[in-house]
Amino acid sequence: MHPDSQFTHADNAALIFNELKFRSLTVKNRLFRSNISGQFDDYNGHGGNARLNWEEKFARGGIGCIISSFTPVSVRGRILVRYAMIDADDKIPFWREVGRRVHGHDCRFIMQLSHSGRQQDMGGVENLFNKGLSSTNKSDYFHGLLAQAMTKPEIAEVVEQFAQGARRAREAGLDGVELHGANGYLLTQFLSSGINDRTDEYGGSWEGRARFVLEIVRAIRREVGQDFHLQMKINGVDHNDWLYPWIKKGNTLDETVKICTMLLDGGKGVDSFHVSSGSTFPHPRNPAGDLPLEDLHRWYDGMLSQGTRAPMNYAIFSNPVLGRAFQALWRWRRGKVIEGINLDYARAVSEAIGKIDPDIKVLCTGGFQHADRIAEAIRSKACDGVTMARPLIANNNLPHILAEANGPEKECTYCNKCLLNDLENPLGCYDLSRFDGATFEDRYREMIKQVMSVFEPPTFH
């Protein structure tokens, strides 16, 4: 994508900071924080003070809307421990306080309802003897996380868990919910032709594979009505064969467009689509960026007891030759484009859905951090707004920066050290090159100071 130089920064800023109206939600600008957040909470899924500080700092930085980190609808569907959940009514007061904090900065808050399925990185002691619920009995191809195909009663139970999660989000005063149907989690496992091998009505054709998600959408509408924002995060293309070219590729763009059309459900379904790509996590296209071998070797050890392929992965990452070869494969399969990597997919969804219902909006994720790139994405009608995560971790006030300049002085380098550290450490920017200091120790001290800033203690009265 080559932004047209005829537009000034003032033109671009005017477009970016124009409000975005969904059917039942208005956001003050076109900038959304994508779903990312660290292990900030209590082990039992109750929210912690650090998460309140974490969410509020992005609202303070000018973002128009925050999409929460994956918020499990059940303990069985937990992806990582110490992430706040929405599995019971006793979680509502915490999320009400999250909403109060971010609303104080004229920022909206959308809860991302999630279920790990088989892609359960660290499910905790409650799931120690459980295989991940999935569309299939086959383990995932990257970590080797074990799975069991869900029975129909289990499918019905999970549908209801999503519906009750949405009800709780509305009762908490939040602004909407998003279904996480991308990047390898449970909904992807049903939607993807590369993963779903069922022979009943929840498998087979794209209509069958989408049945589970459609039932969730309808159950949510039953609980929250038509005037509560509901959006769907979905892969434009799965790219399921990036590591092993002999396995099924997964959903094509044409299938994705058909699924999106189905989820409109005659005007009673979703209000927006959030377009990503990649059938697992991590994936070269999500998060699009580098694969830092030193950090991978240092922090991947937590996965050794989780998946059958994790020990082999760890051996590869630790080997100087094989590690470099894997890193080269990662970069090759990612491609040269990082910022706007999913725009072609978003454009196809936008064009198709716009012909059916022009009120449905499309968001696109993928490393956005420059005003000209963001404005051109919107101006070209590829999407109506963009979501970002790592660039905001690097520069929490990025929206304020983009209002005045094309981009930050110290850009996100897409090193992905933040996401690897999140397996065992507080989430934050771990790229030392972005911190000031005369020595390594000085830069490291500044880095840790920023990472730990969200742990400021609460004020008691």
Is there a donor-acceptor contact under 3.5 Å from the side chain of [X] to the main chain of [Y]?
X      : Y      : result
Asn29  : Ile16  : no
Gln120 : Arg76  : yes
Arg168 : Ile86  : yes
Arg334 : Gly289 : yes
Asn235 : Gly278 : yes
Ser380 : Ala377 : yes
Gln189 : Gly184 : yes
Arg309 : Asp140 : yes
Asp384 : Val362 : yes
Gln112 : Ile67  : no

Taking atom types as modelled, find out whether Ser279 and Asn240 have a side-chain donor-acceptor pair closer than 3.5 angstrom.
->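 A pair is found: one side chain offers a donor N or O, the other an acceptor, under 3.5 Å apart.
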Write out all pairs satisfying salt bridge (charged side-chain N to carboxylate O under 4.0 Å, His left out) with one or both partners inside [range], taking only residues at least two apart or from two chains.
range            : result
residues 14-31   : Glu19-Lys21, Arg23-Asp271, Arg23-Asp357
residues 98-118  : Glu56-Arg101, Glu97-Arg100, Glu97-Arg101, Asp106-Arg108, Arg108-Asp175
residues 414-442 : Lys410-Asp436, Asp442-Arg445
residues 387-403 : none

What is the minimum heavy-atom distance between [X] and [Y], and which atoms define it?
X      : Y      : result
Ala405 : Ala371 : O-CB, 4.1 Å
Gly181 : Leu191 : O-CD1, 3.9 Å
Leu343 : Cys383 : CD2-SG, 4.1 Å
Gly428 : Cys418 : O-CB, 3.1 Å
Thr71  : Met111 : OG1-CG, 3.9 Å
Leu113 : Ala166 : CD1-N, 3.8 Å

Are the side chains of [X] and [Y] in touch, meaning some heavy atoms are under 4.5 Å apart?
X      : Y      : value
Leu427 : Phe40  : yes
Pro284 : Leu329 : no
Tyr43  : Glu126 : yes
Asn395 : Cys412 : no
Val270 : Ile360 : no
Leu187 : His115 : no

Taking it one step at a time, do Phe32 and Ile66 satisfy side-chain contact (heavy atoms from CB on, under 4.5 Å)?
-> CA-CA 6 Å; Phe32 292 65; Ile66 292 172; over 6 Å; no
Let me confirm one number: the [atom1]-[atom2] distance from [X] to [Y], rounded to the nearest 0.5 Å.
X      : Y      : atom1 : atom2 : value
Leu52  : Phe94  : CG    : CZ    : 4.5 Å
Met312 : Leu322 : CE    : CG    : 10.5 Å
Gln161 : Asp87  : CD    : CG    : 8.5 Å
Leu179 : Tyr185 : CG    : OH    : 15.0 Å
Asn425 : Ile448 : CG    : CD1   : 8.0 Å
Lys57  : Ser453 : NZ    : OG    : 4.5 Å

Is the charged tip of Arg51 near the ring of Phe109: under 6.0 Å from the six-membered ring centre and within 45° of its axis?
-> no
Who are the ring pair (Phe, Tyr, Trp, His ring centres under 6.0 Å) partners of Tyr244, not counting sequence neighbours?
-> Trp246
By ring pair (Phe, Tyr, Trp, His ring centres under 6.0 Å), Trp95 pairs with (sequence neighbours left out) none
Chi angles and distances behind the side-chain contact (heavy atoms from CB on, under 4.5 Å) call for Arg373, Val386 = CA-CA 10 Å; Arg373 297 294 181 94; Val386 303; over 6 Å; no
Taking atom CD of Glu171 as the centre, does the number of heavy atoms from other residues, nucleotides or ligands within less than 6.0 Å exceed 12?
->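 Count over threshold, so yes.
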Greater than 12 external heavy atoms within 6.0 Å of Tyr444's OH |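 Incorrect, the count does not exceed 12.
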Partner residues of [X] under the side-chain contact (heavy atoms from CB on, under 4.5 Å) criterion, sequence neighbours left out:
X      : answer
Ala13  : His9, Phe17
Ser318 : His297, Tyr314
Lys131 : Leu146, Gln148

Dump the intermediate steps for side-chain hydrogen bond (donor to acceptor under 3.5 Å, both in side chains) on Thr280 and Gln119, then the final yes or no.
-> CA-CA 8 Å; Thr280 189; Gln119 195 164 282; 3.0 Å; yes
Determine, step by step, whether Asn12 and Arg379 satisfy the side-chain hydrogen bond (donor to acceptor under 3.5 Å, both in side chains) criterion, reporting the C-alpha distance in whole Å, the side-chain angles of both residues, the deciding distance to 0.1 Å, and the verdict.
-> CA-CA 9 Å; Asn12 293 334; Arg379 190 176 287 119; 3.0 Å; yes
Name the one of Thr387, Asn183, Val275 that satisfies side chain to side chain contact (heavy atoms under 4.5 Å, CB included) with Lys233?
-> Asn183
Parallel, tilted or perpendicular for His239 and Tyr345, by the 30°/60° rule?
-> tilted
Starting from the C-alpha separation in whole Å, work towards a yes-or-no answer on side-chain hydrogen bond (donor to acceptor under 3.5 Å, both in side chains) for Ser277 and Asn342.
-> CA-CA 7 Å; Ser277 60; Asn342 296 306; 2.6 Å; yes
Kindly write out the residues that satisfy side chain to side chain donor-acceptor pair (under 3.5 Å) with [X], not counting sequence neighbours, or none if the list is empty.
X      : result
Arg96  : none
Tyr300 : His143, Asn313
Asn53  : none

